[in-house]
Trainee: 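For reference, the structure I am asking about is given below.
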Amino acid sequence: MTKKIAVLPGDGIGPEIVAEAVKVLECLRAEGLDIEMSEAPVGGAGYEASGKPLPDDTLALAKESDAILLGAVGGYQWESLDISVRPEKGLLGLRAELELFSNLRPAILYKQLADASTLKPEVVSGLDIMIVRELTGGIYFGQPRGIRTLDNGEKQGFNTLVYSESEIERIGHSAFKIAMKRGKKLCSVDKANVLECTELWREVMERVAKDYPEVELLHMYVDNAAMQLVRAPKQFDVMVTTNMFGDILSDCAAMLTGSIGMLPSASLDANGKGMYEPIHGSAPDIAGKNVANPLATILSVAMMLRYSLNESAMADRIEKAVEVVLDKGLRTADIDSDGMQKIGTSEMGDAVVAALAD
Ligand code: IPM
Ligand code: MG
């Protein structure tokens, strides 16, 4: 049956990088991949089109699709809007409405880009970590939240960190299943020494671990995990953590690879439906200049094929094609170095398509 893909370019460099990922999908479609793509606005573009960062039609399209390809959201012109209609709410709304609770953020150091990391090569060479971030709960969504005025007239901001056992269990199962397919080593990151909510997190992870006796489960406090990520990142295989800790640690892990423009992500529901996006942002400063790196978005298509479309051979081919392009010395500005050939966004997309066809 034809699989439906919602294409949501978003803002900033989003439209440019998504266009290159669509080229890759079109190439696979020409070979027989049975897909249908429909585009819709989200984020700032959604706000401009309908007054909402997640327009009703966009949400409806996302709901009826088998997978979603998203570029990025956000831009200077929307920063002064009320928080309820800022572009980021479009993204958070999609995550919540579609129950995309399991966020997979790989941090892989491509051997061709070993020099791109700010860390010593021996610390990061061969790095391959998978961060599993809980994406629809925790302090991002906890109630009550807001800014209130106290009796003395002073304002007070407040948010709530909350996780129920079932929320922890389901992200735990996601992470353990991924660990089973990789190095069978899982590090759960919490702050159980201070926060009751994550004391429960730790307890539930221990319980879930009983279903996966082959996986070695370790616990680490988040402050230590941040330190260990920059000290000796190769000790990690799969990490699982809360929404906010995952937000922070995944940026840190991404930078270990030196090339945030290379890293894809998947946000999955309980049935394998997913939203796929590069982990970098909308980079409004370079938007429209044909300099952004489309590889993270193209690699997100590979994750889509693997996790939602059941086409892992095609996913492997895309990842291989990206390596071929890097081996040829082709580089966008963000990953460029001496002796390499600097090319633009659309040339990079074309190069991947050419490598795929070879
Ligand atoms: C991310 C981003 C988002 C988040 C923002 C844009 C809402 O930083 O996907 O990591 O905080 O989750
Ligand atoms: Mg983030």
Side-chain angles (χ1 to χ4, degrees), residues 8-14 17-18 41-47 52-54 58-59 62 68-107 129-142 145 157 159-161 163 167 171 174 189 222 225-226 229 239-257 259-269 274-285 287 292 296-297 299-300 303-304:
L8 315 181
D11 311 317
I13 58 172
I17 54 179
V18 164
V42 73
Y47 177 79
K52 289 184 189 177
L54 179 53
T58 302
L59 178 59
I68 299 145
L69 178 66
L70 186 122
V73 298
Y76 313 124
Q77 64 268 53
W78 302 293
E79 274 171 14
S80 56
L81 289 177
D82 185 77
I83 195 165
S84 63
V85 288
R86 276 197 217 140
E88 290 73 14
K89 281 285 176 197
L91 189 57
L92 295 171
L94 281 167
R95 291 173 180 172
E97 289 282 343
L98 303 176
E99 283 195 75
L100 305 172
F101 68 89
S102 177
N103 183 211
L104 314 186
R105 299 192 162 190
I129 301 177
M130 178 67 91
I131 295 190
V132 181
R133 169 188 177 192
E134 199 292 323
L135 203 60
T136 52
I139 198 164
Y140 269 54
F141 293 95
R145 62 189 296 155
N159 289 89
T160 305
L161 173 60
Y163 273 114
E167 284 178 299
I171 192 67
S174 284
V189 178
V222 65
L229 265 178
M239 302 175 89
V240 60
T241 191
T242 63
N243 203 341
M244 187 158 78
F245 295 164
D247 179 44
I248 300 165
L249 294 179
S250 63
D251 266 29
C252 178
M255 207 50 223
L256 298 174
T257 73
S259 50
I260 200 162
M262 295 294 300
L263 300 177
S265 76
S267 307
L268 305 173
D269 76 1
M275 179 158 81
Y276 299 84
E277 56 179 311
I279 74 157
H280 60 70
S282 59
D285 51 322
T297 318
L299 290 165
S300 299
M303 288 189 96
M304 175 190 288

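Both ligands and their constituent atoms are indexed starting at 1 by order of listing.
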Trainee: Name the closest protein heavy atom to atom 10 (O) of ligand 1, giving the residue it belongs to and the distance to 0.1 Å.
Mentor: D247 OD1, 2.9 Å

Trainee: Among all protein non-hydrogen atoms, which one is nearest to atom 11 (O) of ligand 1, and what is the separation to 0.1 Å?
Mentor: Y140 OH, 2.5 Å

Trainee: CD1/I279 to CG/L263 distance, rounded to the nearest 0.5 angstrom?
Mentor: 4.5 Å

Trainee: Hey, does the Lys NZ or Arg CZ of R133 hover above the aromatic six-ring of Y140, less than 6.0 Å from the centre and inside 45° of the axis?
Mentor: yes

Trainee: Is it true that atom CD of E88 has more than 12 heavy atoms of other residues, nucleotides or ligands lying nearer than 6.0 Å?
Mentor: yes

Trainee: Can M244 be said to touch ligand 1, with heavy atoms closer than 4.0 Å?
Mentor: no

Trainee: Could you tell me, atom by atom, which parts of ligand 1 come under 4.0 Å of a heavy atom of E88?
Mentor: 6 (C), 7 (C)

Trainee: Write down the atom of T241, the atom of V189, and the distance for their closest heavy-atom approach.
Mentor: OG1-O, 3.0 Å

Trainee: Among side-chain atoms of N103 and S267, is any donor-acceptor pair under 3.5 angstrom?
Mentor: yes

Trainee: What atoms of ligand 1 come within less than 4.0 Å of a heavy atom belonging to R105?
Mentor: 1 (C), 9 (O), 10 (O)

Trainee: Could you tell me whether the side chain of L69 reaches within less than 4.5 Å of the side chain of M304, counting heavy atoms only?
Mentor: yes

Trainee: Can you tell me which portion of R133 lies within the under-4.0 Å heavy-atom range of ligand 1? Options are side chain, backbone, both, or neither.
Mentor: side chain

Trainee: Can you name the N/O/S atom of D247 that is nearest the Mg ion (ligand 2)?
Mentor: OD1

Trainee: Would you mind running through ligand 1 and noting each atom that sits below 4.0 Å from a heavy atom of R95?
Mentor: 1 (C), 4 (C), 9 (O), 12 (O)

